[in-house]
Amino acid sequence: MTRGGPAIGPHAPSRKEEPYNNEMTPVWQGSARRRVHRMFVARAPRPVGISTFTYGSRINRSEFKLSCSISLEEKMWSHSTRRNNRLPRRILVIAALALVLITAAPAAAQTPTAPTTFKIAQSIDLNSLDPAGQTTVTVANMLQYVVETLYGLDQDGKIIPVLAKEMPDISTDGLTFTIKLRDGIKFHDGTPFNAAAVKANLERVLDKDTVSPGRAPYTVISQIDAVDASTVKFTLSKRSMTLTAALTWLVSGMVSPASIQKGSPAYKTVTQPVGTGPYAFKEFIKGTSFTVTKFADYWGKKPYYDTVVFSVIPEAATRESLLLAGQVDMMILPPASDIAALQKNSAVKVIMAPSNRAIFIAINNQKKPFDDVRVRQALNYAVNKEDIVKNVLIGAADILDSPMPSMVPSYCKAGAYAYDPAKAKQLLKDAGVAPGTQIKMNYPTGRFLMDAQAAQAIGAYFKEAGLEPVLNTMDWPSYIAMMTKPQAERTEDVHMFGWSSFYPDASGTMEPFQSSLWPPAGFATSFYKNAKTDELLTNGISIVDQKQRDDTYCQAQKQIWDDAAMVFLWNQRFPIVHSAKVQNIGYRPNETWYSLDAEPVK
Amino acid sequence: MLHYLAKRLIAALISLLGVTVIVFLLLHLLPGDPARLIAGMNATQDQVDRLRVQLGFDKPLGEQFVRYMTQLAHGDLGTSARTFQPVAGDIMARLPSTIQLALLSILLASIIGVLAGIIAARFPNSWLDYVISSATLFGMSMPVYWLGLMLIIIFAVQLHWLPGGGKEGPASIVLPAITLAAFSVALIARMTRSSMLEVLGQDYLRTARAKGLRENAVVYRHALKNAFIPVVTIIGLQLGMLLSGSVLTESVFGWPGIGLLLVDSIFARDYPVVQGIVLIFSTLFISLNILVDVTYAFLDPRIHYT
């Protein structure tokens, strides 16, 4: 088993030649040996086979060529001679100690936690504590306790001022945003928050020396002016009506300029965020926990809990157990199959928060026979979405009635593809698709709510419509690699696709339907192209008038729906579960929990 | 001995070099673009390209390899593609947790396993032996995942005795350690039993009994030491396995060890971290192997290394 190890074991050949192999056992040395001598040689009649027993001649230590020195050997031997009969006792002592340790442990575990600590079990380790470096909603969610943005979202997804005093004043040409800031706000290091701080932060985000993979929405800003201490003016290089929404996303979060001096390591990547939030950063233990403590000088409503601890628990079943065991007060993303049981459990409360993540089956619009709109519509009619949501997703999703989830600004209802297998078959027949035609479908496992199970159910519905589904799954990195391949290299016909933008934003939400973003340029992975849709989407972002912008996006949504660019499935919900002993836990509809109002139930 | 050790160390270095090259090549064969994975689906292509340059993944593979090896020669494991922090720091933040868990598990496993093995061997084919043999068979075939969840349900959710996950306070280690030890206990017990049985049948023990030694002295003083060599091998190898971090145990209990970091890093295609962890695992494993071989010499004076 051990390669390169010694070729000798306890039963090596040399031993066989020695009937008594007394040299094997150092315990035969010293007094024990003398005892044996007394016993066998001096007193007892020699039993058969003992006749050759002469220890002196056989025990020739030099034969063994032990590389350790003789003295060490002696020490070891005498040690074992003296102590050997105590071995079991020693083992017992250790065992007893271990037992004590184990039985003592529960006492330690029951040490009551401070009543003013709120504990949240969440799924991922924080890869970056830098607001500018954020790439996931969940990590940003934790940092939002520490770092605030100019604007934020309320529970309905409406944009509200946070560090800004009011909504931006946008010039009629849409190229200047003037933002009034709240007065008297202090960063956790005591320095004031003002227009200069806004300028320093956004300029840092836009600086290519800073690690900020998500800076794209802010790159339209060409100039930032601190008009006075509480007024900041953004000049845009081109119109972008999503900028206000983008300012709710943590990448544009405000940290103390003193903590991000240009040239310091923090300028590239912040590791100790100093924000203006209700909590100040206290400690981050990699892979374990992120802890924040209440900031005494917070400008807004002060939270109840002194400390919030976010534990990193990647396994859904474990997060659930921690909540049920009372080790944490709140968790996100329980195992989807347990949601029904949790809803029945009176010790906890389940919040099925609406989210902006839409799930589709992306159809390769350029590939025969799927380039025919009738075939794509047939796929939409073929799938019984209600049934899958009810039985596979246990109600944790809402059926899409537009390519855009309903909480995104400029959403409008586009239509419905009710489950109709007969119609699906007819449309396939009309399009000349022979029954038994293969449809190759890729899907991820463990990325979206019940993704693999749902994909298999969808495959069964395709089969019902007369197609022959071929299903294939892979790990997420490979899946991304598959999705970013250009049209010419695609082997699959359809694939499961989930999309959401970090903040409520029509243009970001509609990216998968824009032909300029076909892979590898972006994630328009259904290779859908309609000149009218492209025009509407390109115009939408630059229309200053809200009403007109909504109309434009609405037309685009209807066009995409009628073109059946994808199989429109559902808008998945974001489950949050908390102890029934706490109340006032909320959410934001972008897969974000909100516990700043949380307090014990009185 | 010194000569032998020197030889082993040189062989170890060659193995490590081989591991580094193979892991480097295999990782780059995996589909998946680290820059895209890190930036996320919402980032623009331009941002992703820039990130790729920042991470150095835009360079040809040969150049990346030379750069990596040069860094290694300077004792630098590189920078994590996910956290932009030094890999050594990211690994060191997790390594103590893994070592604590591995050591406690192997301690538990050795004590229980050896005791159970001895008892089973002393009363072969008795009901006690059957109970221990069945228990160890159960322990070996029980999925870690299942055992972990059962322990959590019983001791954390139902009894509220122990924390069910995370790492807060010393009590947190108990359940993961028991879970992780279960397989090793079974393995060590079985190995001790068979090895003891073999030794107990030897003539020199009959002699020892014949001279009137108490049975305890025969078993613990005379038999155990000889029976111990294969057991030590197993313990050493198991410790090597445990130190490599048990991915399943760590993820079931949210134990912030290195196994979990490895899996996370593979799924993020964080090449430098994966390479660093594999290098550290290999170093640990090879060192333990050498250590086990050296231990033989102490247990069995006939064994010598030249």
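Each chain gets a letter, A, B and so on, in the order the sequences are listed, and its residues count up from 1. A quick note: this is a predicted structure, and the numbers were derived from the prediction, not measured.
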- Query: Which atoms of A:Met474 come close to chain B, meaning under 4.5 Å heavy atom to heavy atom: side chain ones, backbone ones, both, or neither?
  - Reply: neither
- Message: To check you understand the geometry: which heavy-atom pair defines the closest contact between A:Thr318 and B:Ser251, and what is its length?
- Response: OG1-O, 4.1 Å
- Item | Minimum heavy-atom distance between A:Ser478 and B:Arg269, given as atom pair plus value | OG-NH2, 3.5 Å
- Query: Relative to chain A, which of B:Leu37, B:Thr44, B:Leu51, B:Asp33 shows the most heavy atom pairs under 4.5 Å?
  - Reply: B:Leu37
- Item | Per-residue contact mode, B:Asp90 against chain A (heavy atom under 4.5 angstrom) | both
- Item | Interchain contact, A:Asp209 with chain B, by part (heavy-atom threshold 4.5 Å) | backbone
- Task: Please state whether the side chain, the backbone, both or neither of A:Ser500 comes within less than 4.5 Å of a heavy atom of chain B.
- Result: backbone
- Item | Worked check of salt bridge (Lys or Arg N to Asp or Glu O under 4.0 Å) between B:Arg82 and A:Asp125 | CA-CA 11 Å; B:Arg82 250 189 326 166; A:Asp125 195 15; over 6 Å; no
- Per-residue contact mode, A:Ala521 against chain B (heavy atom under 4.5 angstrom): backbone
- Query: If you take all heavy atoms of B:Phe84 and A:Thr269, which pair is closest and at what distance?
  - Reply: CB-OG1, 4.2 Å
- Which portion of A:Phe502 sits near chain B, non-hydrogen atoms under 4.5 angstrom: both
- Relative to chain A, which segment of B:Phe285 carries a heavy atom at a distance below 4.5 Å: side chain, backbone, both, or neither? neither
- Item | Contacting moiety of B:Phe267, where chain A heavy atoms sit under 4.5 Å | both
- Task: Drop me the distance from B:Gln47's CD to A:Arg215's CZ, to the nearest 0.5 angstrom.
- Result: 5.0 Å
- For the candidates B:Gly254, B:Gly166, B:Pro31, B:Ala11, which exhibits the highest count of non-hydrogen atom pairs separated by less than 4.5 Å from chain A? B:Pro31
- From A:Glu315 CD over to B:Leu149 CG, what is the distance, rounded to the nearest 0.5 angstrom? 7.0 Å
- Query: Using non-hydrogen atoms only, which part of B:Gln85 is less than 4.5 Å away from chain A: side chain, backbone, both, or neither?
  - Reply: side chain
- Message: If we define contacts as heavy-atom pairs under 4.5 Å, which of B:Pro34, B:Gly236, B:Ala39, B:Gly40 has the most with chain A?
- Response: B:Ala39
- Query: Under the side chain to side chain contact (heavy atoms under 4.5 Å, CB included) criterion, do A:Ser501 and B:Asn42 qualify, and how do the steps go?
  - Reply: CA-CA 7 Å; A:Ser501 54; B:Asn42 299 72; 4.1 Å; yes
- Which one of A:Ile313, A:Thr484, A:Leu129, A:Thr288 has the most heavy-atom pairs closer than 4.5 Å to chain B? A:Thr288
- Query: Heavy-atom distance under 4.5 Å to chain B: side chain of A:Thr136, backbone, both or neither?
  - Reply: neither
- Query: If you measure from CZ on A:Phe523 to CZ on B:Arg36, what distance do you get to the nearest 0.5 Å?
  - Reply: 4.0 Å
- Item | Any side-chain heavy-atom pair of B:Leu260 and A:Pro314 under 4.5 Å | yes
- Closest approach of B:Met41 and A:Trp499, non-hydrogen atoms and distance? O-CH2, 3.7 Å
- Query: With distance as the sole test, does A:Gln327 use its side chain to make a donor-acceptor pair with the main-chain N or O of B:Gly164 at under 3.5 Å?
  - Reply: yes
- Taking all heavy atoms of B:Val157 and all of A:Ser321, pick out the closest pair and write down the distance. CG2-O, 3.6 Å
- chain B contact via A:Pro217 - which portion, at a heavy-atom distance below 4.5 Å: neither
- Message: At a heavy-atom distance under 4.5 Å, which candidate from B:Ala43, B:Gly257, B:Ala156 has the highest pair count against chain A?
- Response: B:Ala156
- Message: So for B:Phe155, is it side chain, backbone, both, or neither that comes closer than 4.5 Å to the heavy atoms of chain A?
- Response: neither
- Give the minimum heavy-atom separation between A:Lys208 and B:Gln54, together with the two atoms involved. O-NE2, 3.8 Å
- Item | Check: A:Lys286 and B:Met92 side chains under 4.5 Å, non-hydrogen atoms | no
- Query: Any donor and acceptor pair, going by atom type alone, linking the side chain of A:Thr135 with main-chain N or O of B:Ile38 inside 3.5 Å?
  - Reply: yes
- Query: So which part of A:Leu322 gets closer than 4.5 Å to some heavy atom of chain B, the side chain, the backbone, both or neither?
  - Reply: side chain
- Item | A:Asp130 versus chain B, the contacting section by heavy-atom distance below 4.5 Å | neither
